[in-house]
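First the structure, in the form of structure tokens, and then the observations on it.
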Amino acid sequence: MSDWSEVTRPIPVPNALTQPFWDAAKQGVLALQRCQSCGHFQHPPYPTCVNCISIDLQFEAVAGKGAIYAYSIMYHAGDKRFAPAIPYASIIVELDEAKGALLAGNLLDAPYTDAKVGRRVEVVFEPLNDEITLPQFRLAEGG
Ligand SMILES: [Zn+2]
């Protein structure tokens, strides 16, 4: 199992588009940008809906359950801060209720060999500091 306790993660820097995502995560809520015209969820946030070009976008809370869409096993630390966790699984997750909105994260609390396309995962929240909490994933029931 990857040891994340010695990893000092880079701290994301919110901007005007992503601030609501980070504000929600700090409260333990996964909120994604949703088009109010056509209902499409998208992530990362954009100024317009990628489906219908509407600018009527709001952040809405989602349950945070989904499946691994793709993954990569990291055997080398391009960023030396991640070296203590090598090897580890970086995963892309497609949420059940937000098809097309793909979230990147790490598979926590499981051997990296458990990362497989289609496995069930759920969001967990990893506080990085007083301002930033990082949504991450762990295997879910049935995963
Ligand atoms: Zn739309």
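Numbering of residues begins at 1 and proceeds along the displayed sequence. Computation of the quantities below employed the complete heavy-atom set of this structure, encompassing side-chain atoms and omitting hydrogens, waters and symmetry-equivalent molecules.
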| query | Does Val123 offer a backbone N or O that forms a donor-acceptor pair with the side chain of Arg138 under 3.5 Å? | reply | no

| said: Are Phe137 and Leu103 packed together at the side-chain level, in the sense that at least one heavy-atom pair is separated by less than 4.5 angstrom? | reply: yes

Enumerate, atom names and distances included, each donor-acceptor pair closer than 3.5 Å involving a side-chain atom of residues 65-72, sequence neighbours excluded.
from, atom 1, to, atom 2, distance (Å)
Lys65, NZ, Glu122, OE1, 2.8

| task | Indicate the atoms forming the closest heavy-atom contact of Ile86 with Ala77, along with that distance. | result | CD1-N, 3.8 Å

| said: Other residues, nucleotides and ligands only: do more than 12 of their heavy atoms fall within 6.0 Å of CD1 on Ile11? | reply: yes

| query | Is a side-chain donor-acceptor pair under 3.5 Å present for Asn15 with Gln19? | reply | no

| task | Check the pair Val29 / Phe125 against side-chain contact (heavy atoms from CB on, under 4.5 Å), numbers first and verdict last. | result | CA-CA 8 Å; Val29 174; Phe125 295 92; 5.5 Å; no

| task | Please name the pair of heavy atoms, one in Asp96 and one in Arg120, separated by the smallest distance, quoted to 0.1 Å. | result | OD2-NH2, 2.7 Å

| request: Check whether any side-chain heavy atom of Cys38 sits under 4.5 Å from a side-chain heavy atom of Ser54, and report yes or no. | output: no

| message | Please check: side-chain N/O of Asn106 versus main-chain N/O of Leu108, any donor-acceptor pairing under 3.5 Å? | response | no

| request: Check for a donor-acceptor pair, side chain of Gln42 on one end and backbone N or O of Thr48 on the other, with a separation under 3.5 Å. | output: yes

| task | Verify, without hydrogens or angle tests, whether Gln33 (side chain) and Phe41 (backbone) share a donor-acceptor contact under 3.5 angstrom. | result | no

| Ile55 atom CD1, over 12 foreign heavy atoms within 6.0 Å | no

| said: I'd like to check Pro84 versus Phe82 (side-chain heavy atoms, cut-off strictly below 4.5 Å). Are they in contact? | reply: no

| Once you round to the nearest 0.5 Å, how far does OG1 of Thr8 lie from NZ of Lys80? | 15.0 Å

| said: Would a single hydrophobic cluster contain both Val121 and Leu134, if residues Ile, Leu, Val, Met, Phe, Trp and Tyr are joined by side-chain heavy-atom contacts under 4.5 Å? | reply: yes

| said: Just to verify, which of Glu60, Glu97, His40 counts as forming a side-chain hydrogen bond (donor to acceptor under 3.5 Å, both in side chains) with Arg34? | reply: Glu60

| query | Given the rule that I, L, V, M, F, W and Y join up when any side-chain heavy atoms are under 4.5 Å apart, are Val7 and Leu128 in one cluster? | reply | no

| Partners of His43 by ring-ring contact (aromatic ring centres under 6.0 Å, His included), sequence neighbours excluded? | Phe21

| message | Quick one, Asp56 and Cys49 - any side-chain contact, counting heavy atoms below 4.5 Å? | response | no

| query | Between Tyr88 and Val93, is there a shared hydrophobic cluster once you connect ILVMFWY residues whose side-chain heavy atoms come closer than 4.5 Å? | reply | no

| When hydrophobic residues are tied together by side-chain contacts of less than 4.5 Å, even through go-betweens, does Trp4 share a cluster with Ile132? | no

| message | I'd like to know if Ile73 and Leu139 are part of one continuous hydrophobic network [Ile/Leu/Val/Met/Phe/Trp/Tyr, side-chain heavy atoms within less than 4.5 Å]. | response | yes

| Shortest non-hydrogen separation from Pro127 to Thr133 and the atoms involved | CA-OG1, 3.7 Å

| If we only count heavy atoms from C-beta on, is the Leu95 to Leu102 side-chain gap below 4.5 Å? | no

| Does any non-hydrogen side-chain atom of Asn51 lie less than 4.5 Å from one of Cys35? | no

| said: Counting neighbours of CG on Asn129 that are heavy atoms of other residues, nucleotides or ligands and sit closer than 6.0 Å, is the number greater than 12? | reply: yes

| Chi angles and distances behind the side-chain contact (heavy atoms from CB on, under 4.5 Å) call for Leu107, Tyr112 | CA-CA 7 Å; Leu107 181 62; Tyr112 68 92; over 6 Å; no

| Closest heavy-atom pair and its distance - Pro20, Phe59 | CB-CD1, 3.4 Å

| With sequence neighbours left out, which residue pairs that include part of residues 1-17 fulfil the salt bridge (Lys or Arg N to Asp or Glu O under 4.0 Å) condition? | Arg9-Glu126

